[in-house]
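Beneath this line is the structure, given in structure tokens, with notes to follow.
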Amino acid sequence: MIGGLFIYNHKGEVLISRVYRDDIGRNAVDAFRVNVIHARQQVRSPVTNIARTSFFHVKRSNIWLAAVTKQNVNAAMVFEFLYKMCDVMTAYFGKISEENIKNNFVLIYELLDEILDFGYPQNSETGALKTFITQTGIKSQHHSKEEQSQITSQVTGQIGWRREGIKYRRNELFLDVLESVNLLMSPQGQVLSAHVSGRVVMKSYLSGMPECKFGMNDKIVIDKQGKGGATEEAAGKSDLGGSGGGGGGGKQSIAIDDCTFHQCVRLSKFDAERSISFIPPDGECELMRYRTTKDIILPFRVIPLVREVGRTKLEVKVVIKSNFKPSLLAQKIEVRIPTPLNTSGVQVICMKGKAKYKASENAIVWKIKRMAGMKESQISAEIELLPTNDKKKWARPPISMNFEVPFAPSGLKVRYLKVFEPKLNYSDHDVIKWVRYIGRSGIYETRC
Amino acid sequence: MPAVSKGDGMRGLAVFISDIRNCKSKEAEIKRINKELANIRSKFKGDKALDGYSKKKYVCKLLFIFLLGHDIDFGHMEAVNLLSSNKYTEKQIGYLFISVLVNSNSELIRLINNAIKNDLSSRNPTFMCLSLHCIANVGSREMAEAFAGEIPRILVAGDTMDSVKQSAALCLLRLYKASPDLVLMGEWTSRVVHLLNDQHMGVVTAAISLITCLSSKNPDEFKTCVSLAVSRLSRIVSSASTDLQDYTYYFVPAPWLSCKLLRLLQCYPPPEDGAVKGRLVECLETILNKAQEPPKSKKVQHSNAKNAILFEAISLIIHYDSEPNLLVRACNQLGQFLQHRETNLRYLALESMCTLASSEFSHEAVKTHIETVINALKTERDVSVRQRAADLLYAMCDRSNAKQIVAEMLSYLETADYSIREEMVLKVAILAEKYAVDYSWYVDTILNLIRIAGDYVSEEVWYRVIQIVINRDDVQGYAAKTVFEALQAPACHENMVKVGGYILGEFGNLIAGDPRSSPLVQFNLLHSKFHLCSVPTRALLLSAYIKFINLFPETKATIQEVLRSDSQIRNSDVELQQRAVEYLKLSSIASTDVLATVLEEMPPFPERESSILAKLKKKKGPGAVSVELEDGKERGELNGGGDRGGDAAIAASNASTPSPSADLLGLRSSAPVSGAAPSAGSLLVDVFSEAGPAASSAGVNDDGFLSSAPPSAASEDPAPPLPESDELLNKFVCKNNGVLFENQLLQIGIKSEYRQNLGRMYLFYGNKTSVQFVSFSTTVSCPGELQSQLNVQTKTVEPLVEGGAQVQQVINIECLTDFIDAPLLNIKFRYGGALQNISLKLPVTINKFFQPTEMAAADFFQRWKQLSQPQQEAQKIFKASHGMDTEVLKAKLLGLGTALLENVDPNPENYVCAGVIQTKAQQVGCLLRLEPNAQAQMYRLTLRSSKDTVSQRVCDLLAEQF
């Protein structure tokens, strides 16, 4: 029960304001501006309670989206809705910026009318929305009666996310496994916390109403099938294996802590048989989201060495080691080494890539374009300090890192993805399938 | 920053500031600042020395960043370096940075102080001013320590420039306010005062702030400033406006200075010197005259300046409060402002008039504006002005216009703002009570008040009505009639129901004769409101019902029916349920006599400070001041009824009145239970054995002899009574003759006899030394209440007592009513030049006026039973401090003055006595029972008398004897 939804620009001016329930007054708009956007201290919590009213906000570049409610709602639901709202807007008009929002405000109100009814989220599937909320108003007038009734029956029917009668000459299917790996490591190399949050994104160009089945190396499924027939597994491997397989190897199955599915997945079947079967929406969708915390392959190891030479000098040496198959290449590597607040000058020497002291961010930023597995590289810096009055010691924030690797750090592998379309004349073998693994850094930090 | 002119501007700074202003988001701003900080750090770190200009620029940037709210932890050193520059702009920025960012960093403070010292001694006025400003801005203790000695010297030095003097005066003021102990003016005082004569008006203006502050702390040292201030003021006031050139503000000569002078004068009483006073009065008259002149300019600044002086002058006149002529003129002037179209002026006029109203000279003059003020109360737009009008009405109220003002306030109350309603209600209640000529008017007013603004009528207000109605016989019938009529309204406020319930319960019988308000009608009326009321009110109504049963036996069946109903007897609220059960039992079991005793009419309440007044005082607000002023007046006017109540009963009812259950009966709620139970118990069963101690302990002032001693002063004032005088007193409770006091010099013997309510006491003063006592004098005084309770007449004694001789003094005593304290005897004489001052308590106690009464056992028990109200009984259980010898006990009991009754108590160990205390006002029958317990060495002493204070007092006295 979302009471209202507001969109602000970076100055706190209201761009969009839609109130769904009477318990939200006009002053709620100002309350959020005053207490969050213009707050003296930066507000870090995404949920703010002001006068018994809860504000849930997300920020996209300079734009604030805030959902307001006076009831005790499921916060996760509200955020899910806000993210969906962002996705829908991106799908309609690209980047969420002040200008785009101002240019499309009629469209946004139209969307808000459709995806929230009296504060309850309804259909937020872009594909479905696009059939009846179009950006060019003229087109909708040419809808015939049948088309309109078709839209109605689709949106209100059982499979609201896919319409019937889709036809492709080539049946293609793309599967991306996108993971971000988060790490906090002690200076001695002890893992303090690590987890991977991943998504399986699917792009399908399939005819008719295909029934799909998705399999991966989830521990529970593997264990269950280990007793039964292993034939299916073999079949899946022959189909899709190969391209995956980062550094770890050996481990056949992974333990998934929790996962969520796209609405098209039949949950009853998953609960009963642990099999993921669904009729996919046409085009792109996020099939599932998951999280693992065990047996994570850490693609990089950061070894920091900080030495304080007197009060006015600091020597920093950082070594990074890549920890995956030598045949694979990591990309877009960036190491960020924080500098003390009283830095007055920095000299950097690095063997590979480029390093620079960025005063505006109080950090040395070291960028490497490409790096193969099982290699190591090193940077050393001399930091000059200005003596200060405060006896406060430098807090030594952690060294953080960004990268992109072509495997899944969680060890997840797609075992199979089968497509059945009983009515039309194509079989699983006729579908061209592509699978890709991308592992990115989330918050990947090492203390120094 | 005036110094940053075009040629001298810092371009880098301007660019930086505009960059920051152009930042789209907070993050961008932080990035820009980080970049700039890094740049400044590298510049400061850099090997080549920075020139003054860049140093200034960077320090300025740091200052700007700091003012944006970011931490700055470097650059202090560079700022300190700037202080030693010779360029004004650089020095100024340095000082600015120090003033804003200095913290108590030990090394830097030393450097800064050094730089300041250099500047102070530089003789360059601009630099001196800069450093003085810095000291004042920082104003820390360290600064005060370092410079408190130096600045007064600069201030009074002959060769200091005027501008520096101004700064020095204000700087010193600041240091004085921050750490007064460090700024010692001692030797400079007179020279500082003479700054008032300075040629330069600016210096005078600055100095006068300092002097005002200093003289408010130690007025005596700066007394001389009064005459100087007066002459300065008269020079300004009488000068033509053109004389003062720069210091004339919109045709008003030096308005700020005038105001400050007038304010300084308010620190002192009116000048004693006639000439000075005459001059001052002349000035004040001139100011008042000028107010009448047509304005020289239409600009608002002109009238503002003029009025500022005028109001300051009026507050001075009010402060002096000795010039009737001026007070009346001021009042008239304010009267004009009351109709001014400027709201602020009207506000100020009302506020000043409020203080004027409390002066005896101008009170009448203020009263003439009553119509205008009432009008203001009704028509003002601004709530704060209306509030002032209400305050003023309250302040100007007296006997002559009370009715009008109260009526106006009542009518205004209906539309008054919610924020001031409660205060208004209190004020109306106080005024109505204070100036009530006839009490029916008072009752009408308060009932109206409850009707109009019931929600804002606090408990205190309706308690007070009831207290007054109970204490005044003449108004009870009227009150009953009025509340009865008021309750007829279909919807009444709960407070009205409370008052109605209480008054009808007490005095319903007074209007029961009229068939329209027959008992049953009264009851039905009350009961119709019952269900709409809260629990405390319901409890009060239940008590009223039981009182009805007593007043009108014919309603008994109906009321019992109500009490018996499930909604009462099984009420979920414990208090209500208990009352219903107990009252039901009480009404069905107890005989009419018992019922009549238990449910007797409430005794009158004691006189105490009006609880409403106390409440109003608690509420902050300017009204409170005038309330306090009139507090004294008020005491005498209201309720001259006097002290009719005894202490213990009142204390018990005191305790119950403010309690939420508002117990009508003055009993603890458990009392009816024990009252209902003893149907056939033994005769001497203490009917209220449980309630008794509770009631008495509530009302006991533990030691009646606690002396309210006069302050102890070594000189002629009577000395406080000797600490052992209480003990001495106790010696004489059971005997009439003996030695009262003895020391190395003096012996006092006593012999006394009592008959009825009269007594005669012979005091024998014996000089034990061989030297004569000179200027021997004795006085007997009755402290406090005792004056109205005892009549003591003494004959004077010879002022000379020869060595070894004895003089006699006769004291005649008449007991008017029962009393607690003992009269004080003060003896003063000179022995060998040294003043001797002795205070003693005369052994006059209430039991001296006992007359023994013989009676038979049956008689005794009948009376014992009659005196069964808890407050009539006093009981003490205590340990024997002497032996428990029968004969000694008997002698003591006889010495008490009562008759010892043999063969009365079934237990022969016990002692039973009876007596009547004779006072002029009344006779108080008194029964006593003493139960010794030989094993435990304990006594139980029970006293019953028809007057609660008497039981208590005699019990206390006697308890000390065994």
Side-chain angles (χ1 to χ4, degrees), chain A residues 8-13 33 36-44 59-64 96-99 310-314 336-348 356-365 381-395 397, chain B residues 16 19-48 50 55 58-59 61-63 65-81 97-98 100-112:
Chain A
Y8 302 85
N9 68 3
H10 73 280
K11 288 181 200 152
E13 291 164 347
R33 184 200 5 258
V36 180
I37 302 179
H38 290 163
R40 196 157 288 195
Q41 237 81 44
Q42 197 191 348
V43 175
R44 291 180 131 178
K59 216 181 155 194
R60 285 284 179 274
S61 66
N62 272 335
I63 299 297
W64 299 73
I96 298 178
S97 66
E98 185 177 348
E99 205 185 343
R311 272 188 69 192
T312 59
K313 208 169 166 191
L314 202 66
R336 181 176 290 265
I337 304 160
T339 55
L341 292 175
N342 54 345
T343 306
S344 60
V346 179
Q347 271 92 48
V348 206
K356 203 177 164 191
Y357 167 60
K358 285 201 174 168
S360 60
E361 290 154 48
N362 278 323
I364 299 167
V365 180
E382 259 183 32
I383 301 171
E384 277 183 78
L385 303 175
L386 191 77
T388 61
N389 296 337
D390 295 15
K391 297 287 177 282
K392 258 190 293 176
K393 243 193 137 209
W394 180 43
Chain B
F16 173 60
D19 274 5
I20 295 271
R21 298 238 161 104
N22 288 336
C23 281
K24 286 253 162 146
S25 66
K26 198 147 196 165
E27 288 76 28
E29 183 185 310
I30 289 172
K31 274 191 175 170
R32 180 71 184 88
I33 284 168
N34 278 338
K35 193 176 153 198
E36 192 60 44
L37 282 177
N39 175 35
I40 298 172
R41 278 194 300 260
S42 66
K43 284 288 186 329
F44 281 170
K45 178 79 179 181
D47 299 328
K48 63 170 191 255
L50 291 169
K55 228 183 245 174
Y58 292 130
V59 167
K61 280 182 180 174
L62 285 178
L63 199 52
I65 292 170
F66 177 78
L67 293 177
L68 279 179
H70 300 268
D71 272 345
I72 295 296
D73 52 5
F74 64 99
H76 299 75
M77 201 56 219
E78 281 72 17
V80 173
N81 285 342
F97 187 90
I98 299 293
V100 174
L101 264 139
V102 86
N103 49 13
S104 19
N105 183 319
S106 57
E107 3 175 347
L108 271 183
I109 280 285
R110 204 155 358 100
L111 286 173
I112 294 165

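All heavy atoms count here, side chains included; hydrogens, waters and symmetry mates do not. The chains referred to below are lettered A, B, ... by the order of the sequence lines, with proteins before strands, and numbering in each begins at 1. As the structure is a prediction and not an experimental result, all values here were calculated from the model.
Using a 4.5 Å cut-off between heavy atoms, A:Asn342 touches chain B through backbone and side chain atoms alike. No part of B:Glu36 comes within reach of chain A, as not one of its non-hydrogen atoms sits under 4.5 angstrom from that chain.
Take A:Glu98 and apply the side-chain hydrogen bond (donor to acceptor under 3.5 Å, both in side chains) test, not counting sequence neighbours, and it matches A:Asn9, A:Lys102. With sequence neighbours excluded, no residue forms a side-chain hydrogen bond (donor to acceptor under 3.5 Å, both in side chains) with B:Glu29.
Interface remark: of the candidates B:Lys31, B:Lys26, B:Glu27, B:Lys31 forms the most heavy-atom pairs closer than 4.5 Å to chain A.
To the nearest 0.5 Å, the span separating CD1 on A:Ile96 from CD1 on A:Ile63 amounts to 8.5 Å.
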Task: Derivation and outcome, side chain to side chain donor-acceptor pair (under 3.5 Å), residues B:Lys43 and B:Asn39 - done: CA-CA 6 Å; B:Lys43 284 288 186 329; B:Asn39 175 35; 3.2 Å; yes
